[in-house]
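Per chain, numbering begins at 1; letters A, B, ... match sequence-line order.
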Amino acid sequence: MNSKTLWHIALWGLIILISLPLLRILSAWFEPSSEIWLHLSETLLWSMITNTLWLLLGVGIGVTLLGVSLAWFVTMCEFPGRKILEWMLFLPFAIPAYVLGFVYLGLFDFPGPVQSFLRELFGWNGLDIRDGKLGIMLVMTLVLYPYVYMLARNAFYSQNNTLVESARLLGMSGFGVFWRISVPMARPAIAAGVMLALMETLADFGTVAIFNYSTLTSGIFSVWQDFRSLQAAAQLSTLLLGIAVLLIFIERWSRGRARYDSNKRMTLRPYKLKGHQAWLITGFVGSVVLLAFVLPVAQLLFWALITIDIEWDTRYLDWISNSFVLAVGAAILTVGLAVIVNSVRQQTHLSWPLKTGIRFANLGYALPGSVLAVGIMLLIIDIGELVSPGQGIWLSSGIFALLLAYMVRFLAVAYGPVESSFDSITPSMTEAARSLGANTSRLVSHVYLPMLKPGLVVAGFMVAVDVMKELPATYLLRPYGWDTLAIRVYELSSEGLYERAALPSLMLLGLGLLGLYMVHRINKRYKIRAK
Amino acid sequence: MKKIISAMLVASSLLIIGCSQDQQTDQAQVDAGKVVVYSARAEHLIKPLFDEFTNQTGIKVQFQTGNANALVERLKAEGRNTPADMLITNDVGNLWYAADQGLFQPMNSDLIKRNIPPHLQDPQQLWTGLSVRARTLVYHQDRVSAEQVIGYEDLADPKWQGRLCLRTSGSVYNKSLVASLIEHLGEEQTQQILAGWVNNLAAKPQSKDSHVMEAILAGQCDIGLVNTYYFGRLQAENPDTPLRLGWANQSTTGTHINVSGAGLLKHAKNSDNALKLIEWLSEKPAQQIFGALNREYPANSNVTPNPQVESWGTFKQDQTNLKRLGELQQTATILINRANYE
């Protein structure tokens with residue numbers, strides 16, 4: 001057997017490991033639950049589906065507009081406050097979506113301070129921001145735009161600047177460069193970011209619950225809870241998977257043949273803007289930061305200050321370190337997995353079943369976390385029983401189950417950025433290095449690593465932050481003594497104790513900041529060495 | 001490239017094996033003086049009780065909180081190998097379901113039988129309620145007079161049109177309430193009541209009881225349904241609140257109650273200790289902690305509630321055995337969905 005075959009076999013093994021929980025869920029179709037389906041189709045099913053599609057559409061448009069425009073402004077324009085705003089735009093990502101959900105609702109809904117003030121001042125009738133679809137679309141856009149922003153920003157920074165420079169010399173306007181050059185070149189990255197945001201939207205349970213907006217995911221949970229039918233819940237989940245597959249097709253199609261073939265860091269002069277224009281951009285970017293970050297964090301800080309006396313506990317030190325260890329461990333494993341898959345993909349030609357398998361393994365991100373967590377638990381318990389009958393429980397109560405769950409769930413998060421990093425290494429580069437006499441280790445250390453590292457670091461950061469925020473799998477599968485900050489946030493807020501939930505939420509944010517700082521340091525160091 | 005990949009593979013598999021091995025040795029040691037609990041009751045509402053139990057008896061309580069459905073699913077899958085000895089939930093629906101799935105064993109405890117009234121425990125003592133959560137009316141005293149506050153059925157009356165706020169039907173507390181209506185009035189009448197509620201709603205159902213009260217305070221609606229401890233929390237923060245509790249169905253079936261409760265697992269390894277813990281939770285000192293922690297009502301009728309809770313007056317409880325509410329929960333969901341109560 002040659003090494004290519006061996007690698008493909010290894011790849012199949014990994015894909016099957018990641019896909020088994022999904023298959024375990026799909027196997028629910030072998031067990032009938034037609035009565036529940038009949039009831040659902042008579043009552044909730046259609047509104048659940050249309051609600052979900054509307055939300056996807058709204059959030060998709062919202063995160064694309066916001067994420068891409070913000071990324072372009074911070075990479076291509078010079079405006080007051082750019083440096084600090086550029087980093088602050090990342091931060092909403094580190095707060096669980098439902099936390100921002102309840103903060104917004106608390107501030108802006110009918111009983112909240114904003115509307116109460118307006119009512120008193122103008123005798124305004126007020127409105128229920130939970131009605132209709134716009135409120136939740138806006139909130140989820142503000143929560144999820146960082147996915148697009150992060151990836152698009154990276155792409156804009158590494159775009160081929162000779163193209164941009166020539167276009168400028170030929171007199172193309174700023175908007176022209178943006179629309180005709182930057183966006184088309186960044187399309188794969190933008191599409192990957194939007195895709196992540198939409199998969200997150202599909203799987204979201206907490207935020208839609210706060211708005212009482214019924215989607216497929218909330219429906220799945222209710223089928224499970226109310227009809228006690230994991231089968232019907234799993235069957236309903238396949239509808240979600242169907243939507244996710246459709247989205248992937250759209251993404252592939254929208255990427256077209258686009259692929260970027262340069263990874264030079266930007267050395268372009270940013271656009272010098274006239275004073276009022278520059279301030280206009282500062283105003284726009286600043287108001288996004290204000291809405292998505294400053295305002296909710298101010299509220300959380302206020303709450304944390306008034307509750308810290310009852311809420312602080314030395315166990316917080318454990319929770320912080322647990323969150324951190326799980327996040328870093330899962331990030332290393334997940335990014336490692338994505339790197340393995342992509343390097344095999346890069347080096348050899350993959351058969352179509354293998355390609356499909358890789359796509360399938362990426363679907364875990366779109367499933368509601370609770371269903372996925374149960375799927376993994378059932379699987380691990382089965383395996384444990386198979387491996388050591390009667391004693392298999394150690395497998396499911398160990399940390400292995402949880403790490404597997406994270407890999408299944410977040411492979412998609414790591415996969416996108418890692419894949420586009422690999423795509424930026426062209427065969428000609430490898431050939432050039434080889435023809436200049438570079439051996440494999442030199443190729444890896446001097447070509448691959450510098451080209452891959454920014455993407456890998458970003459991927460690792462995104463997975464780590466997602467893992468810190470993750471709830472259902474952690475809640476169900478954590479070994480004894482592995483409580484995390486996210487669990488604390490959830491337990492308090494599910495009892496309506498939002499004020500007390502502020503402290504652990506801020507700690508999550510603190511860990512996210514730490515991660516961001518590390519990303520910054522690593523990528524900066526890399527930049528210097530690459531010169 | 002390959003070297004890096006192989007190194008990564010080795011490192012990750014070592015990590016996995018290393019971690020699982022740790023766990024293996026942990027699990028192998030069977031500690032005589034402990035009890036393992038799966039709890040759907042949040043940590044901050046249960047840990048103080050366990051700490052006190054350990055203080056008094058020396059028995060260590062190793063507990064894992066989680067979502068009730070997921071914990072039951074976990075117990076089902078773990079079967080006879082489960083490390084857990086008992087399950088605690090926040091509502092009767094999940095206790096009933098766990099019993100229905102054969103996860104519990106009868107406790108045969110005279111002490112529990114004495115301490116907890118019969119309607120709050122399973123007829124075969126597969127589980128028992130430990131604290132009582134009453135779900136009743138809350139209203140704004142300036143906009144609603146006490147005589148107008150009657151009960152659940154009355155909320156369907158057109159006089160409340162545009163004045164009612166309800167929490168989402170997704171809440172188990174509402175499902176149990178609807179189940180109790182089915183038990184007393186039958187499906188047809190319950191369906192009409194639900195239609196009346198939906199018709200009277202002033203706003204899309206709120207996601208939390210606390211939001212229902214905020215909406216009433218802000219003038220979005222005048223009356224709603226909450227579990228009393230949410231009101232207690234609000235009152236503690238703002239003693240001058242214009243909201244009032246009204247006891248529902250006092251001249252008829254009594255106010256609907258739910259319980260937070262526990263059951264002894266069939267495959268418990270430390271069943272003596274687990275039984276000891278459940279019995280201890282039904283006794284006076286623990287019952288008082290339940291009240292103090294979350295302003296719930298004691299399930300033990302010989303224990304007086306905490307002073308703030310007592311100040312809301314006494315009320316007639318619905319005496320239906322809670323087991324019935326578990327059995328009817330699915331029917332309740334069907335009626336709720338048909339009424340389009342979100």
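- Residue B:Gln330 comes nearest to A:Asp226 through the heavy atom pair CG-O, 3.2 Å, listed as atom of the first residue, atom of the second, then distance.
- Interface remark: of the candidates B:Lys175, B:Arg233, B:Gln329, B:Glu78, B:Arg233 forms the most heavy-atom pairs closer than 4.5 Å to chain A.
- Chain B forms the most heavy-atom pairs under 4.5 Å with one residue out of A:Thr43, A:Leu40, A:Ile487, A:Leu105, and that residue is A:Thr43.
- Residue A:Asp313: no heavy atom, backbone or side chain, is found under 4.5 Å from chain B.
- With a threshold of 4.5 angstrom between heavy atoms, B:Ile334 approaches chain A through its backbone and through its side chain.
- Neither the backbone nor the side chain of B:Gln101 comes within contact range of chain A, judged by heavy atoms closer than 4.5 Å.
- The distance from atom NE2 of B:His44 to atom CD of A:Glu311, rounded to the nearest 0.5 Å, is 8.0 Å.
- Residue contact with chain A, scored on non-hydrogen atoms closer than 4.5 Å, is absent for B:Ser169.
- The shortest heavy-atom contact between B:Asn69 and A:Phe221 is ND2-CZ, 4.0 Å.
- Residues A:Asp128 and B:Ala203 approach most closely at OD2-CB, 3.4 Å, considering heavy atoms.
- When heavy atoms are compared at a cutoff of 4.5 Å, B:Arg80 does not approach chain A at all.
- Closest approach of B:Ala218 and A:Pro111 over heavy atoms only: CB-CA, 3.5 Å.
- The part of B:Asn90 that comes within reach of chain A is its side chain, from C-beta onward, which places non-hydrogen atoms under 4.5 angstrom from that chain.
- Contact annotation for residues 490-501 of chain A against chain B (heavy-atom separation below 4.5 Å, listed by residue number): A:Glu491, A:Leu492, A:Ser493, A:Ser494, A:Glu495, A:Gly496, A:Leu497, A:Tyr498, A:Arg500.
- Taking a cutoff of 4.0 Å between a charged side-chain nitrogen and a carboxylate oxygen, A:Glu42 and B:Arg338 do not qualify as a salt bridge.
- Among B:Thr65, B:Thr82, B:Asn94, B:Ile216, the residue making the largest number of heavy-atom pairs under 4.5 Å with chain A is B:Thr65.
- Heavy atoms from other residues, nucleotides or ligands lying under 6.0 Å from CZ of A:Arg315 number more than 12.
- Using a 4.5 Å cut-off between heavy atoms, A:Arg478 contacts chain B through both its backbone and its side chain.
- Within the 4.5 Å cutoff, the side chain of A:Leu378 has no heavy atoms near those of the B:Lys76 side chain.
- When each of B:Val72, B:Thr168, B:Asp209 is checked for heavy-atom pairs under 4.5 Å with chain A, B:Thr168 comes out on top.
- Within the 4.5 angstrom heavy-atom criterion, only side-chain atoms of B:Leu45, from C-beta onward, approach chain A.
- Of the listed residues A:Leu404, A:Ile210, A:Leu443, A:Asp131, the one with more heavy-atom pairs under 4.5 angstrom with chain B than any other is A:Ile210.
- For chain A, the nearby part of B:Tyr230 is the side chain; its heavy atoms alone come within less than 4.5 Å.
- Contact of the B:Thr333 side chain with the A:Gln225 side chain is not registered, since no non-hydrogen atoms from C-beta on lie closer than 4.5 Å.
- Using modelled atom types, no side-chain atom of B:Glu214 and backbone atom of A:Phe110 make a donor-acceptor pair closer than 3.5 Å.
- One finds no salt bridge joining A:Arg130 and B:Glu342 here, because no Lys/Arg side-chain nitrogen approaches an Asp/Glu carboxylate oxygen to under 4.0 Å.
- By the 4.5 Å heavy-atom criterion applied to side chains, B:Lys208 and A:Phe102 are not counted as neighbours.
- Taking CG of A:Asp109 as the reference point, atom CD of B:Gln206 lies at 7.5 Å (rounded to 0.5 Å).
- Proximity to chain A involves both the backbone and the side chain of B:Lys204, based on heavy atoms less than 4.5 angstrom apart.
- A donor-acceptor distance shorter than 3.5 angstrom exists from the side chain of B:Arg74 to the backbone of A:Leu476, with no hydrogens or angles considered.
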